[in-house]
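The structure under discussion appears below in the form of structure tokens.
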There are 2 protein chains.
Amino acid sequence: MAPRSANKTAAPSDKVGMICRALRRAIIEQALAPGAKLPEDSLGERFGVSRTIARHALGQLAAEGLVELRRNRIAVVATPSWQEARDAFDIRIELERLVVRQLAGKLTKAQVAELNAHVDAEDRARDGSDAVSIRLATEFHILLANMTNSPILVRYVSEVAYRCCLTLSLYSRPHSSECAINEHRAIIAALVKGDEAKVMSLMHSHLDSVASRALVAPAPQRGRDLLDILAPYAEESEGAGRVVKLSKVVRAR
Amino acid sequence: MAPRSANKTAAPSDKVGMICRALRRAIIEQALAPGAKLPEDSLGERFGVSRTIARHALGQLAAEGLVELRRNRIAVVATPSWQEARDAFDIRIELERLVVRQLAGKLTKAQVAELNAHVDAEDRARDGSDAVSIRLATEFHILLANMTNSPILVRYVSEVAYRCCLTLSLYSRPHSSECAINEHRAIIAALVKGDEAKVMSLMHSHLDSVASRALVAPAPQRGRDLLDILAPYAEESEGAGRVVKLSKVVRAR
DNA sequence: AGCGCCTTAATTGCATGCAGTTCGAGGAGC
DNA sequence: GCTCCTCGAACTGCATGCAATTAAGGCGCT
């Protein structure tokens, strides 16, 4: 039962695939924050390929919604609106309910072990950086999806999970992810027990709580602009109480 | 309420987008059957662009699952397995239930009119080619998704609907699509009435019936190979009862 | 005749070059 | 000092060229 059933659809040599994976990871670990610029040249240079390849990878990522491509403009890491975040979570809930419904009571011992191992890893990472915790939590869900052996489902769950991850980094506060870990354990238990209804409602409430923990309010209304983020710092700037050159900052973004 | 809220994620100039749209349409209308070869050169020539663009379009379509890309090989129209078809329909059901749940009782008059006009068009097309009927039926669902104003949902529903359309062309028989049209009308009515539960179950059974009408049995087991398709014709070939040059045919595929 | 090997034409993978557009810094004007 | 405008650098859009791989037809062999 090889867990390697990934994407059949990705044959563009895999230089492209490699860059995609690298960027995806950088994005969800917030090494690349939303809005970060991704010039083709730099990417190509960084990964030792030509612009052509970098460009192709960006296209791929754009199709997944992680990157925003505007004509004649530098590609940037996507900055989903609050509404889009909400939508993504709604879709995610349905898709993942489907996942666990298919999986309930059908997991092999090896698969259960793999899941447990992953959650253990999540546990161990609690002391480390938030970024890694978030990534692992996301990957738990993808691991689950993988076990359905449905490439389409895997692709959609992955995509939407990454997207949600991205929005979490935008709208959520410091993060108390311990509970998520317990919820993951509970889901595994219910899956093993094979109680379809139970595991579906567990997954539902799990994602719901993640979403609401993160998306409590459309706080930074339109989210993206630095204005809100910089507000607290404005007072401390060397000048008078006046807020510094906002127009400049806005354009800088 | 401009229905133009399509994809923010598609800015690669739109030469790419145009080719994608053309190919998608050709595929779902079965002008391009599953397995059909799609050489970059020919595509580029046909659309008056260079291979670079054609290639990019193919990549896009591959990400959507309509095209299969194998390293160093000519791209072909995807040939989903029966299992993949089943999976696609499962996902589609969940996504479209989400669509109508969001839409129930929230349609504007203009939107209702648009939907009715579309179904009328479906009705009118009943005499025409099957291909057009199928496309219109698919587009009804996409039109519905569009009205949610959720770009992500639109994208996923579109993708999965196209995929399903592709599999229908593979596994389904002549087609009795009249019932589908009535079902579409029933869905509109329930949406207007605003009965969430009703419309969700309607959509569920609608898609379910489409799926089971098409996917009755995993008849051509692993589907793709010409062997099964050619079996009935083998007898009639000019030679003895012997099946003709199988090895050659297999390679030809 | 049928089957397999080998040569050649087709096709992809990738990089690079050129033209057009955008970005951003610096200077003129208020 | 602040804003607006202008111009050079940076970047993208796209086509084309070259090397590597595959697909296909022709040859001799059985």
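Residue numbers begin at 1 in each chain, while the letters A, B, ... track the order of the sequences. Computed from a predicted structure; not experimentally measured.
- Between D/dA15, D/dT12, C/dT12, one nucleotide has an atom nearer to the side chain of B/D41 than all others, and that is C/dT12.
- In this structure the side chain of A/F47 never reaches within 4.5 angstrom of the side chain of A/V16, judged on heavy atoms.
- For the pair B/L166 and B/V77, the minimum side-chain heavy-atom distance is below 4.5 Å.
- Rounded to the nearest 0.5 angstrom, B/L144 CG and B/I142 CD1 are separated by 10.5 Å.
- Between the CG atom in A/L136 and the CD1 atom in A/I134 there is a gap of 10.5 Å [rounded to 0.5 Å].
- Side-chain proximity of A/I74 to D/dC14, C/dC14, D/dT12: nearest is D/dT12.
- Taking CD1 of A/I28 as the reference point, atom SG of A/C164 lies at 12.0 Å (rounded to 0.5 Å).
- Atom CG of A/L43 is separated from atom C1' of D/dT12 by 14 Å (rounded to the nearest Å).
- The separation between A/D14 atom CG and C/dC14 atom P is 10 Å, rounded to whole Å.
- Taking atom CD of residue A/E40 and atom C1' of nucleotide D/dC11, one finds them 8 Å apart after rounding to whole Å.
- Counting to the nearest Å, the P atom of D/dT16 and the CZ atom of B/R51 are 11 Å from each other.
- Picking from D/dT22, C/dG17, C/dA15 the nucleotide with the shortest atom distance to the side chain of B/N72 gives D/dT22.
- The listed nucleotides are C/dA15, C/dT12, D/dC14; the one nearest the side chain of A/S50 is C/dA15.
- Between A/E45 atom CD and D/dA10 atom P there is a gap of 13 Å when expressed in whole angstrom units.
- Considering only side-chain atoms of A/R73, the nucleotide from C/dT16, D/dC14, C/dC23 that sits closest is C/dC23.
- Residue B/P39 has its side chain nearest to C/dT12 when only C/dT12, D/dA15, D/dG13 are considered.
- Residue B/R71 places its side chain closer to C/dG13 than to any other of C/dA15, D/dT12, C/dG13.
- The side chain of B/K37 contributes an N or O atom lying less than 4.0 Å from OP1 or OP2 of D/dA24.
- Between A/R55 and the phosphate of D/dG13, there is a side-chain N or O to OP1/OP2 separation shorter than 4.0 Å.
- Between A/M18 atom CE and C/dC14 atom C1' the separation is 15 Å, expressed in whole Å.
- If you measure from atom CD1 of A/I53 to atom P of D/dG13, you get 16 Å, rounded to the nearest angstrom.
- The distance between atom CG of B/L69 and atom P of D/dT22, rounded to the nearest whole Å, is 15 Å.
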